[in-house]
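Worksheet: the structure to be examined is printed underneath.
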Amino acid sequence: MILSFLFFMILFIGGILLMGISFGLPALNALAFCGGLLLVTLAMAFIFRQRGSATRRVNNWSGNATE
C-alpha cells in the first residue's frame, strides 16, 4: 500500500514537473506537456482505483453504496 502510494506520487509529481518544464523547451513542448498531463491523469486514476480507500468501498467501480 505504501509502495504503491509512493510510486503514484512520483508519477504525479513527475507529471507536474514535466508540464512545468515543457514551456521552456524550444522543441516538442506540446509533446512534453501532453506527456505530463498523461502522467498526472494516470496517477490520479490509479490512486482512485485502489481498494480500501477512506470511503471503505470494496469495489470502487461497482456503483454500490458505501458498506
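All heavy atoms count here, side chains included; hydrogens, waters and symmetry mates do not. No experiment lies behind these values; they were computed from the predicted model shown.
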hydrophobic_cluster_shared for Leu31 and Leu11, side chain cutoff 4.5 Å = no
ask   = How many angstroms lie between CZ in Phe12 and CZ in Phe5, if you round to the nearest 0.5 Å?
value = 10.0 Å
note = Here the ring pair (Phe, Tyr, Trp, His ring centres under 6.0 Å) pairs for residues 14-42, sequence neighbours left out, are Phe23-Phe33
CG on Asn29 to SG on Cys34, rounded to 0.5 Å = 9.5 Å
inquiry  = Do Met44 and Ile16 land in one hydrophobic cluster if side-chain heavy atoms of ILVMFWY residues count as linked below 4.5 Å?
reply    = yes
Reported CG-to-CG distance for the pair Leu38 and Leu42, which is rounded to 0.5 angstrom = 4.5 Å
Within one Ile-Leu-Val-Met-Phe-Trp-Tyr cluster: Ile10 and Leu17, side-chain cutoff 4.5 Å = no
query = Of the non-hydrogen atoms in Val40 and Met19, which two are nearest, and what is the gap between them?
reply = CG2-CE, 3.8 Å
query = Just how far is it from atom CZ of Phe8 to atom CG of Leu39, taken to the nearest 0.5 Å?
reply = 12.0 Å
key: CG on Leu18 to CD1 on Ile21, rounded to 0.5 Å   = 5.5 Å
